[in-house]
Protein chains: 2
Amino acid sequence: MPKPADATILAWARLVRAHAAAMGHVQAALKAAGLPPLEWYDVLLELEREGPLRPRDLQARLLLAQYNLSRLLDRMAEAGLVTRGPCEEDGRGQVVAISEEGRALRRRAWPVYSRAIQDAVGAKLSEAQAAHLAELLGRLTR
Amino acid sequence: MPKPADATILAWARLVRAHAAAMGHVQAALKAAGLPPLEWYDVLLELEREGPLRPRDLQARLLLAQYNLSRLLDRMAEAGLVTRGPCEEDGRGQVVAISEEGRALRRRAWPVYSRAIQDAVGAKLSEAQAAHLAELLGRLTR
DNA sequence: TCATTCTCGATGCAGTTGCATCGAAAAGCC
DNA sequence: GGCTTTTCGATGCAACTGCATCGAGAATGA
C-alpha cells in the first residue's frame with residue numbers, strides 16, 4: 001500500500017513541525033542558561049543511568065552516527081565531563097565513563113531542561129493527552 | 001508549575017525518538033533515490049502552493065533560520081530550481097519563485113517521499129490513530 | 001595456524017550550520 | 001524634512017556534520 005492516507009501525511013507533517021518547535025524551544029532555553037546542547041545531556045544521562053559504556057552502545061541507544069559520537073566524546077572529554085579508558089575484553093574499543101563534573105553539569109541542567117519541556121509540551125496538553133501522545137509516538141519506533 | 005509530569009517527559013522523549021527514526025528513514029529514502037534533502041522539497045512545495053514568496057515568508061512558514069534559508073536559496077537557485085527576482089514594494093527584499101525544473105523535481109520526489117512516509121508512519125498506525133496523533137501534535141504548535 | 005572478512009573507533013576533507021554583523025531600505029518619530 | 005530605530009537579506013568565520021576511508025583488533029573458517 002504505497003499511498004499514504006491523508007491522516008498519515010498530516011501526522012507526519014505535524015510530527016516534523018511539533019518537533020522543530022519543541023526542540024527549538026528546549027535548545028534555546030539550554031543555551032540561554034549557558035548550558036551545552038541537548039545531546040551532551042543525553043550522553044551524560046545515559047552514562048549515569050547505565051554506567052560506563054562503549055561508544056557503540058551509546059551510539060545505538062542515542063541514535064547517533066558513529067563519527068558524530070566519536071567527535072562529541074572528544075569535546076566532552078576535553079571539557080572534563082567524561083573519561084575514556086581502555087576496554088578489557090576488546091582491544092579496539094574503549095570504555096566511556098561520566099566524571100564528577102559530568103554528573104554536576106547534568107544535575108545543573110535538569111531544572112532548565114525540565115522547565116523547557118514543561119513549556120513546550122506539558123503546558124499544551126492535559127496529562128491524559130500527554131500519555132496518549134506518548135503511546136502513539138511509541139508505536140512509531142516499534 | 002515548573003515540574004513536568006512523567007507523562008509529559010515520556011511524550012517529549014518519544015517525540016524526539018520518533019522524529020529521529022522517521023526523519024532518518026525519509027532522508028535515507030530520498031538520498032537513495034538521488035534526490036535532494038527534505039528541506040528542498042519543503043521549499044518547492046511551499047512555492048508551488050502559495051506562488052512566489054519573499055524569503056522572510058518562507059522562513060516563517062518553514063521554521064528555518066534566516067541565514068540558513070538564505071544559503072539554501074543560493075543552492076537551489078544555482079541548481080535552477082528557483083529564481084530570485086526583485087521585490088516591487090520593498091527595495092530590500094526579493095521574490096522567490098519556483099521554476100519549471102523545480103516543479104519537475106518536486107513531482108519526481110513525491111512518490112519516493114510519500115512511500116517513505118507510509119513506511120515510517122502509515123504502516124505503524126491505523127488511520128484513526130494517525131488522525132489522533134496529528135490532532136495531539138497539532139496542539140504543540142498552538 | 002593463517003588468510004579473509006568483519007567490527008570498532010578515528011580522521012581528512014568538503015559541505016552545512018550557527019553566530020555575529022553588515023549594508024541597504026523602510027518605518028517610526030520629532 | 002531629517003534623525004533614529006527596525007527589518008530584510010547576505011556573509012566572514014568558526015564549529016559541526018556527512019562521507020569515505022583508514023588502521024587495529026576480533027571473528028570466522030579452511
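None of the values given here were measured: they were computed from a predicted structure. Chain naming here is simple, since letters A, B, ... match the order of the sequence lines and numbering starts at 1 in each.
Checked for salt-bridge contact, A:Asp119 and A:Arg115 meet the test: a charged N lies under 4.0 Å from a carboxylate O. No salt bridge links B:Asp42 with B:Arg61; every basic N to acidic carboxylate O contact stays at or beyond 4.0 Å.
Note: CD (A:Gln59) to P (D:dG18) measures 13 Å, nearest angstrom. The CG-P distance, from B:Leu62 to D:dG9, rounds to 14 Å in whole Å. We find that CZ of B:Arg92 is positioned 5 Å from C1' of C:dA25, with the value rounded to whole Å. In this structure, A:Glu89 places its CD atom 15 Å from C1' of D:dA27, rounding to the nearest Å. We find that CG of B:Asp90 is positioned 10 Å from C1' of C:dA24, with the value rounded to whole Å.
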Going 5' to 3' along nucleotides 10-17 of chain C, which nucleotides have protein heavy atoms under 4.0 Å from the base (write B), which only from the sugar-phosphate (write S), and which from neither (write -)?
-> BBBB--SB
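Between A:His19 and B:His19, the ring-plane angle classifies as parallel under the 30° and 60° cut-offs.
Other residues, nucleotides and ligands contribute at most 12 non-hydrogen atoms within 6.0 Å of the CG atom of B:Asp6.
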Check the pair A:Leu35, A:Arg108 against side-chain contact (heavy atoms from CB on, under 4.5 Å), reporting the backbone distance first and the verdict last.
-> CA-CA 9 Å; A:Leu35 293 163; A:Arg108 197 153 54 77; 3.8 Å; yes
Assess whether side-chain contact (heavy atoms from CB on, under 4.5 Å) is satisfied between A:Glu101 and A:Leu105, documenting all intermediate values.
-> CA-CA 6 Å; A:Glu101 288 113 301; A:Leu105 177 63; over 6 Å; no
